[in-house]
S.K.: 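Sharing a structure with you now.
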Amino acid sequence: EDKIWANSGDSHLMEPEDLWTSRLPKRLADRAPRSERGEKYEIVYIDGTQIDRQLNDFMDAMRPPGFKDLDIRLQDLDQEGVRNQLAFPSMGFWTCNIKDPELEVAVARAWNDWAMEEVMGRQDRIFAPAIVPLRDVKNAVAEAERAAEMGFRALYFPCGIDDDRAWGLDLWEPLWAAAEELKLPLCWHIGTGAANVVYRGPGGAVVNYMETTYPGMRVVTHLVAGGALDRHPGLKVLVAEGGAGWVPAIGDRMDEAYRQHGMFVRPRLSRLPSEIIRQQVYASFQHDISAVQVIEDTAYDNVLWGDDYPHLEGTYGHTQQTLHTIFDDVDTRIRDRVLRGAFDELFPVAAAA
Ligand SMILES: CC(C)(COP(=O)(O)O)[C@@H](O)C(=O)NCCC(=O)NCCSC(=O)[C@]1(C)CCC[C@@]2(C)[C@@H]3[C@@H]4C[C@@H]5C[C@]3(C[C@]5(C)O4)[C@H](O)C[C@@H]21
Ligand SMILES: [Mn+2]
């Protein structure tokens, strides 16, 4: 069968062990994210506390040949049929767990410098969203501006956030205004920002995977209902790796709340939630067929495919089979939109590269 070429809106960079130790002064490097491999588990520590634990063989399974060698990785992309990748952090995901603003700023800046120098500076197919420090919105704005200056074309956000810093609160206004001004899409990745649910009962692996999906919906709900996207119509939001079939569905439900519970609604919005979603919210999936069916059925088409390289829930090793299975009988306009168009709309410069 002919090779299908695609852009991936959800991939990952795998950071070198010494990313922070080689770039930060010792007093900060010692407290930066660090993973230690034990007998059975790989444990991640930040600033002296354990923040993640994964089975060794689970982590090993996400380490194909190219995961740390850019040249091999580019060969992986050619083999799989992937042209461009928006590549999220891996260890960098944990920056948001840092409570000390000074350490958080240093860790974010170092990650951004590394991504620019060691990945984006060396080729033009794989680019990363910048990490912004979130403890103090002024630091976030400063790093977003610095990142834009350096050539970053997107910002990364963790889905989980404390209630008193919920994404819909006005405290984030300076950051939304800056991102809109800088034309930086806001890219939330699922499974981040809060401790993952680890239900050990029957169905645990599936339950735990699904539990990482719901926070992506919560992010969209706060940004839409809270008015941030209504106030900043130029802002675009991507929720990566959470699937896409749910997006128009929550639009309907938010419209229902907005209309039927109107007496409680504030702020009032200049557009219905479902309209804001259709104009500003994008979502990525790996294998879902519902992500394509939703376009056919609802005309919501801010849908990006993602290879989630190199994660197990991604398509590495079976990308062409996946793309043929999903798209062979699908209208080529929908296929082009999902495999390139929506990506190029979010990241025009990358597409031009
Ligand atoms: C089935 C049980 C409960 C059985 O436990 P037992 O044998 O009794 O010890 C347990 O083994 C299990 O759930 N294993 C699956 C692994 C897992 O943690 N599942 C969580 C949901 S999946 C997930 O959290 C994603 C979204 C997707 C897979 C990669 C993922 C874990 C990545 C991986 C690991 C780490 C966490 C991270 C970023 C990171 C740097 O890369 C994301 O924050 C999150 C992400
Ligand atoms: Mn991913």
Side-chain angles (χ1 to χ4, degrees), residues 7-17 19-20 32-46 50-64 67-68 73 80 82 85-98 107 111 126-129 131 154 156-161 187-219 238-244 282-288 291 304-316 319 322 343:
N7 290 336
S8 165
D10 168 31
S11 308
H12 293 269
L13 297 179
M14 309 300 271
E15 299 90 349
E17 295 292 308
L19 193 166
W20 289 291
R34 182 185 83 250
S35 84
E36 281 185 10
R37 187 190 177 92
E39 265 306 290
K40 202 175 163 212
Y41 295 102
E42 183 167 316
I43 298 182
V44 176
Y45 297 94
I46 280 201
Q50 172 187 327
I51 50 144
D52 188 59
R53 182 187 81 156
Q54 300 292 344
L55 294 168
N56 285 337
D57 47 9
F58 179 59
M59 294 307 285
D60 293 348
M62 308 178 201
R63 290 172 175 148
F67 88 104
K68 270 196 177 158
R73 180 177 178 135
E80 298 295 308
V82 176
Q85 288 179 327
L86 171 72
F88 284 91
S90 291
M91 288 296 282
F93 269 168
W94 307 120
T95 309
C96 57
N97 293 62
I98 298 173
V107 163
W111 195 93
I126 304 165
F127 62 99
I131 297 178
Y156 155 68
F157 289 89
C159 287
I161 191 89
C187 304
W188 271 268
H189 190 288
I190 57 107
T192 58
N196 278 334
V197 170
V198 185
Y199 167 71
R200 289 196 141 68
V206 176
V207 165
N208 296 334
Y209 190 63
M210 289 308 297
E211 287 288 348
T212 69
T213 308
Y214 311 133
M217 304 174 188
R218 192 172 295 119
V219 169
L238 167 65
V239 177
E241 198 175 324
Y282 295 67
S284 89
F285 73 99
Q286 301 95 261
H287 300 87
D288 306 4
L304 290 77
W305 172 80
D307 62 14
D308 201 26
Y309 180 97
H311 286 173
L312 277 179
E313 60 284 357
T315 66
Y316 176 70
T319 301
T322 302
F343 181 98

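Indexing begins at 1, ligand by ligand and atom by atom, following the structure's order.
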S.K.: Taking the six-membered ring for Trp and the full ring for Phe, Tyr or His, determine whether the centres of Phe343 and Tyr282 are under 6.0 Å apart.
M.R.: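 Phe343 vs Tyr282: aromatic centres not under 6.0 Å.
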S.K.: Anything under 30° is parallel, anything over 60° is perpendicular, the rest tilted; go ahead and classify Trp188 against Phe157.
M.R.: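 Trp188 vs Phe157 ring planes: parallel.
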S.K.: Among all residues two or more places apart in sequence or in another chain, which pass the ring pair (Phe, Tyr, Trp, His ring centres under 6.0 Å) test with Trp111?
M.R.: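 Ring pair (Phe, Tyr, Trp, His ring centres under 6.0 Å) list for Trp111, sorted by chain: Trp114.
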S.K.: Identify the protein heavy atom lying closest to atom 17 (C) of ligand 1, giving its residue, its atom name and the separation to 0.1 Å.
M.R.: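 Nearest neighbour among protein heavy atoms for atom 17 (C) of ligand 1, to 0.1 Å: Gln54 OE1, 3.7 Å.
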S.K.: Among all the protein's non-hydrogen atoms, which is closest to atom 1 (C) of ligand 1, and how far away is it?
M.R.: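 Sorting protein heavy atoms by distance from atom 1 (C) of ligand 1 puts Ala205 N, 3.4 Å first.
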S.K.: Atom 35 (C) of ligand 1: which of Val44, Ile51, Asp52 has the nearest heavy atom?
M.R.: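 Nearest option to atom 35 (C) of ligand 1, by heavy atoms: Asp52.
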S.K.: Strictly inside 4.0 angstrom of atom 45 (C) of ligand 1, do you find any protein heavy atom?
M.R.: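 Protein heavy atom within 4.0 Å of atom 45 (C) of ligand 1: absent.
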S.K.: Decide whether an N or O pair under 3.5 Å exists between Asn208 and ligand 1.
M.R.: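 By distance alone, the answer is yes.
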S.K.: Pick, from Tyr199, Tyr41, Trp94, the option with the minimum heavy-atom distance to atom 39 (C) of ligand 1.
M.R.: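 Selected option, by shortest heavy-atom distance: Trp94.
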S.K.: Looking at atom 30 (C) of ligand 1, would you say a protein heavy atom lies below 4.0 Å from it?
M.R.: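 Looking at atom 30 (C) of ligand 1, one finds that no protein heavy atom lies closer than 4.0 Å.
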S.K.: Can you list, by chain and residue number, the protein N, O or S atoms under 2.8 Å from the Mn ion (ligand 2)?
M.R.: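 Atoms qualifying: Asp10 OD1, His12 NE2, His189 NE2, Glu241 OE1, Asp308 OD1.
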S.K.: Decide whether an N or O pair under 3.5 Å exists between Met62 and ligand 1.
M.R.: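 No, there is no polar N/O contact under 3.5 Å.
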S.K.: If you scan the protein for heavy atoms around atom 3 (C) of ligand 1, do you find one that is closer than 4.0 Å?
M.R.: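 So atom 3 (C) of ligand 1 has protein heavy-atom neighbours under 4.0 Å.
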S.K.: Please write down residue, atom name and distance for the protein heavy atom closest to atom 43 (O) of ligand 1.
M.R.: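 Scanning the protein heavy atoms, the shortest distance from atom 43 (O) of ligand 1 goes to Gly191 O, 2.5 Å.
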S.K.: Quick one: nearest non-hydrogen protein atom to atom 32 (C) of ligand 1, plus distance?
M.R.: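 Minimum-distance protein heavy atom for atom 32 (C) of ligand 1 reads His311 CE1, 4.1 Å.
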S.K.: Taking non-hydrogen atoms only, is His12 closer than 4.0 angstrom to ligand 1 via side chain, backbone, both or neither?
M.R.: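 No part of His12 is near ligand 1 at this cut-off.
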S.K.: Would you mind checking which non-hydrogen protein atom is closest to atom 27 (C) of ligand 1, with the distance to 0.1 Å?
M.R.: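 Going atom by atom, the protein heavy atom closest to atom 27 (C) of ligand 1 ends up being Glu313 OE2, 3.2 Å.
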S.K.: Counting heavy atoms only, name the option from Asn196, Val197, Val206, Val198 that's nearest to atom 24 (O) of ligand 1.
M.R.: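 Answer by nearest heavy atom: Asn196.
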S.K.: Looking only at protein heavy atoms, identify the closest one to atom 11 (O) of ligand 1 and say how far it is in Å.
M.R.: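 Among all protein heavy atoms, the one nearest atom 11 (O) of ligand 1 is Leu55 CD1, 3.7 Å.
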S.K.: Below 4.0 Å from ligand 1: does a non-hydrogen atom of Glu211 turn up there or not?
M.R.: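 Glu211: no contact with ligand 1 (<4.0 Å).
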S.K.: To the nearest 0.1 Å, how far is atom 23 (C) of ligand 1 from its closest protein heavy atom, and which atom is that?
M.R.: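 Going by distance alone, atom 23 (C) of ligand 1 is nearest to Thr212 CG2, 3.8 Å.
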S.K.: At what distance is the nearest protein heavy atom to atom 38 (C) of ligand 1, and which residue and atom is it?
M.R.: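 Result for atom 38 (C) of ligand 1: Phe93 CD1, 3.6 Å.
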S.K.: Using heavy-atom distances, let me know which of Val207, Thr213, Ile190 sits nearest atom 26 (C) of ligand 1.
M.R.: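 Nearest option to atom 26 (C) of ligand 1, by heavy atoms: Ile190.
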